[in-house]
Structure formats: C-alpha cells, structure tokens
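What follows is one structure encoded as structure tokens, with my remarks underneath.
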Amino acid sequence: MREQGRTRRLMGLGARTGGALLKTRLGGQADWRALGEALFEGLSELKGPAMKLAQIMSQWDDLLPPDLAEELARLQRQAEPMPWPRIREALVLQYGDIDHYFSEIEERPFASASMGQVHRATTHEGETVVLKVQYPGLADVLESDLVQVRRIMRLGRWFKVPQARLDALFDELAESLRGELDYHAEADALVRYRERYKDDPRLVIPEPLPALSGQHVLAMRFVDGTPLRELADADDATRQGIAQTLADWITQELFTYGELHADPHAGNFAADAQGRLVIYDLGAVIAVPEARIKAMMQLLDATLKHDPMGMDEALMQMGGRQGQGAPLALYRESAECIAPLFAPGEQDFSDVRVHRRLRELMPKVWAAMDRLQPPADTLLLSRALNGHYWNLVRLGARLDMHERTLPLLKRAH
C-alpha cells in the first residue's frame, strides 16, 4: 500500500463527503445518493479503517436515508477484492514457499472485508481449508488512516453529535481495528468458543489450524454455509431456526459468559445444510462486566414499565445522560416504540411499523444529543447489540421476547 496515495484519497473522500453534507447545513437537501456513491468509489479499494467505518454505518441501514443506505449496502456486497498478486505477497510473507503447504489456492476470494479477505485452499493431504489473509501492509498504514478517519468523523458535528461522542466513537473504532489485526487472539477465541459450545448441536465454529496460521494468515477448516444476508429466500423454518439460535447464543454470551461477539456484520454468520448457525469470524469479542449488564437491565426494566424518570436515572448512572433537563418526552416515545417488541407472545421483528417508528424517532434523538452522550465504554457494546438486532430483523425473526426477558430482568435488582 502506498501511504501517500491513500492519504490523498482519504482526504479527497472527506472533501466530497463534506460537500454532500454542506447542502444540509445551508438549509438545502443533501444528495445522499451522491454521498453514497462517493463512499463506494473511495472505499471499496482502499480497505482499512475508513471502509470499516462505512460498514459500521451500514448496520443501521433502516435508520439512514434510503439512498445512502442502499450505497452502503452495495459497499458490503460488492467491495472490490484486493488483486491476487498483493494477497500472494502476504501468503509468501507467512509461508515462504506456498507450494510446500498447498496444492491449490483459489485466487478469487469468496469473502472480502475491510481488513482482510478469505481464500479457499487445498492441502497436499486433500483437505479443504480457508485462509483469512490480512491485507499486506495494512498494519503499517493503520495509524495514518486513522488520522484521516478522525477528520472525516468531524463531519458528524453537522448532525449535532457532540465532539465528546465523536472522540469516544473514534477511540472505540481505533481500538477494535487494532485488535482485528491480531490473528493470534482470534485463533485463541476460536479455540475458546469451540470448547464453550462443543455440546450445542445448533452451533458450528470453524476449527483453527495453528500449523498453518501466523501473524498475517489465519487458517481454519472449511465450513460451508449460506451467508445470513442471503437467507431472505430460505424457507421459514430455516430462518426461524437460525434466528432462535442467534438470540439464544447472544443471551448466553452476555448473561452466562460476560462476553459478546462485537462484529455483527451479516457476512460473519451463515446457515449450514443442517440448519445450524455458523459463526465464521471471532476477530472482535468484548468483555461485558456484570455492572454494565445490570445497568442495561435497569434501563430496559424502566423502559418496559414506561417510567421516564427511571429511564433517566438509569442513564445517569451509566454516564449516558449529561447536561440540564431530562428529555422525558423522548423517553416516553422511546418506550412506546420499544415496548411492543417485549409484549407477551411471539413478536415479529420484521414488522415495518416498528422500523417506521424508529426512523421517525431518530431526528428527535439527534436533537437531544446535547444531553444524551453514551459513555465510551458502552459504544462498542451498543453497536454490537444494534447490529445483532438488525440481523434478527433481516431473518424475519418471530420471538417471544417477554418470556426471554423476564428472568434476565432480575439482574436489574
């Protein structure tokens, strides 16, 4: 990667992004399609932190302007893979003589993301494996990329996002990106999760192959599956089974093990031929302290009781509400929006009425950002939970959240 060229392109992207948003600041109508196209063209080849930021944004696709959401979704689906000669550089760096280890490596990746891409390979023993290859040189340009991303994120102030929140979001993004470069940590997580869920017949977690892994390549046994984002046309039983497993797994992660998979990109999950949930990527796993879980349950408990003062007290204890004057009307509307998902009986996550109310609520949330400033230590957790929620929406999940939540709310007391 050529650092100066990347810096110029990122700075140019920031200028185009600012131009699209300037119309809004001057009282006009922002050209969200143009902004989305600029992001797609600027990020699909750059990879790294800026692309990761766009992928994070895309997880809230139902709450973004439709034209922008469509382009961000295209970035998820059609991001340009890195040319094979560059990927081969990383493989040579890891293995030296590639032919000594593999009889074949498919040059076309079957998955690509912001920090690396995945290639299928065959060992000399005839076993099919997958190689998660870190983009060559990415570690060297990460910090300079992050400087430019910070500049791009300053545009968020035009949406009245407090600088403290932007700084916290940047710090969270930077920490998670640095962590994603640590393939040894991800291999350890795969081992830990395979042991943890070895007796759960609904979950499949690929086995890491230490003899073929290293600093720049993570090798795993191949597990075939249909990506979650492609399950829209699957039969209802398959989708509901995957949704139930996903919800059960997230609950167990949080309330039993105090951890959470923090990269809920739909491409990280799949359904295999037996209808089991496949978890491909464990590059981002965060610890969730018991105190944080208790605070979350206190907020949910107050929300379900339609208690705005209780919601404000919970947010104050979490450090998520500052300034003068609690936005009680916003709390009431939020409770009215969220509570139906937790009503007794099976609730449909694909109910467009819920999404419509969320979309209508968002401008009011932005307007209250001078008082609502989620603390830095909840940003990654909140993003992960939101991403998992939207995965359930995409699956058209029908879940009895009331029954699921009752025993968990005991953590609030």
Side-chain angles (χ1 to χ4, degrees), residues 59-66 69 156 159-162 164-165 168-169 247 250-251 254 291-379 381-390 392-393 397-413:
Q59 290 169 359
W60 286 274
D61 53 0
D62 280 23
L63 302 182
L64 294 171
F159 291 109
K160 298 182 180 180
V161 182
R165 178 178 169 83
L169 177 59
I250 294 167
T251 302
L254 276 173
R292 179 59 60 199
I293 293 176
K294 182 177 180 180
M296 290 165 49
M297 290 299 100
Q298 288 174 336
L299 178 59
L300 179 60
D301 190 39
T303 300
L304 298 183
K305 291 177 178 176
H306 295 264
D307 178 7
M309 293 301 295
M311 294 170 67
D312 193 60
E313 180 181 352
L315 282 170
M316 292 286 282
Q317 290 178 356
M318 293 172 66
R321 214 274 285 167
Q322 295 141 20
Q324 298 297 318
L328 297 181
L330 177 60
Y331 293 157
R332 292 189 185 96
E333 287 190 67
S334 299
E336 291 172 0
C337 181
I338 294 169
L341 279 175
F342 295 86
E346 196 175 72
Q347 304 301 324
D348 187 349
F349 276 63
S350 63
D351 188 340
V352 296
R353 292 173 296 178
V354 175
H355 308 154
R356 187 181 302 119
R357 295 190 70 179
L358 282 171
R359 186 187 292 276
E360 292 170 351
L361 192 64
M362 287 311 294
K364 299 177 182 180
V365 174
W366 287 114
M369 288 304 291
D370 57 332
R371 289 167 286 173
L372 299 175
Q373 299 179 22
D377 63 351
T378 66
L379 287 173
L381 175 61
S382 298
R383 177 173 72 84
L385 289 173
N386 273 287
H388 286 303
Y389 164 76
W390 289 113
L392 292 172
V393 170
R398 297 190 300 275
L399 302 172
D400 189 338
M401 296 302 295
H402 177 77
E403 182 179 354
R404 287 173 174 272
T405 305
L406 278 179
L408 304 179
L409 287 174
K410 295 178 181 178
R411 300 284 187 104
H413 305 288

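Along the sequence shown, the residues carry numbers beginning at 1.
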CA sep, side-chain torsions, deciding dist, call: M401, R404, side chain to side chain contact (heavy atoms under 4.5 Å, CB included): CA-CA 5 Å; M401 296 302 295; R404 287 173 174 272; 3.7 Å; yes
Residue pair L408, L254: steps toward the side chain to side chain contact (heavy atoms under 4.5 Å, CB included) verdict: CA-CA 10 Å; L408 304 179; L254 276 173; over 6 Å; no
Residue pair E336, R357: steps toward the side chain to side chain contact (heavy atoms under 4.5 Å, CB included) verdict: CA-CA 9 Å; E336 291 172 0; R357 295 190 70 179; 3.3 Å; yes
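Sorted by first then second residue, the ring pair (Phe, Tyr, Trp, His ring centres under 6.0 Å) pairs that include residues 314-350, not counting sequence neighbours, are F349-Y389.
Atom-to-atom distance recorded for D307:CG and R332:CZ is 10.0 Å, nearest 0.5 angstrom. One distance of note links CD of Q298 with CD1 of I293; it measures 12.5 Å at 0.5 Å rounding. Rounded to the nearest 0.5 angstrom, D301 CG and K410 NZ are separated by 13.0 Å. Atom CZ in R356 sits 8.5 Å away from atom CG in D351 (nearest 0.5 Å). To the nearest 0.5 Å, the span separating NE2 on H402 from CD on Q347 amounts to 10.5 Å. Residue N386 holds its CG atom at 9.5 Å from CG of L381, rounded to the nearest 0.5 Å.
Between A335 and T303, the closest heavy-atom pair is CB-O, 3.4 Å. For the pair S334 and L361, the tightest heavy-atom approach, listed with the atom from each and the gap, is OG-CD2, 3.6 Å. Closest approach of A368 to L330, counting heavy atoms only: CB-CD2, 3.9 Å. The two atoms that bring G310 and A302 nearest to each other are C-CB, 3.5 Å, heavy atoms only. Across all non-hydrogen atoms, the minimal contact from C337 to V354 is SG-O, 4.2 Å. Between V393 and S350, the shortest heavy-atom distance links the atoms O-CB, 4.2 Å.
Residues that satisfy the salt bridge (charged side-chain N to carboxylate O under 4.0 Å, His left out) test with E403, not counting sequence neighbours, are absent from this structure.
Checking each of K364, M311, R371 against P327 for a side-chain contact (heavy atoms from CB on, under 4.5 Å) leaves exactly one that passes, namely R371.
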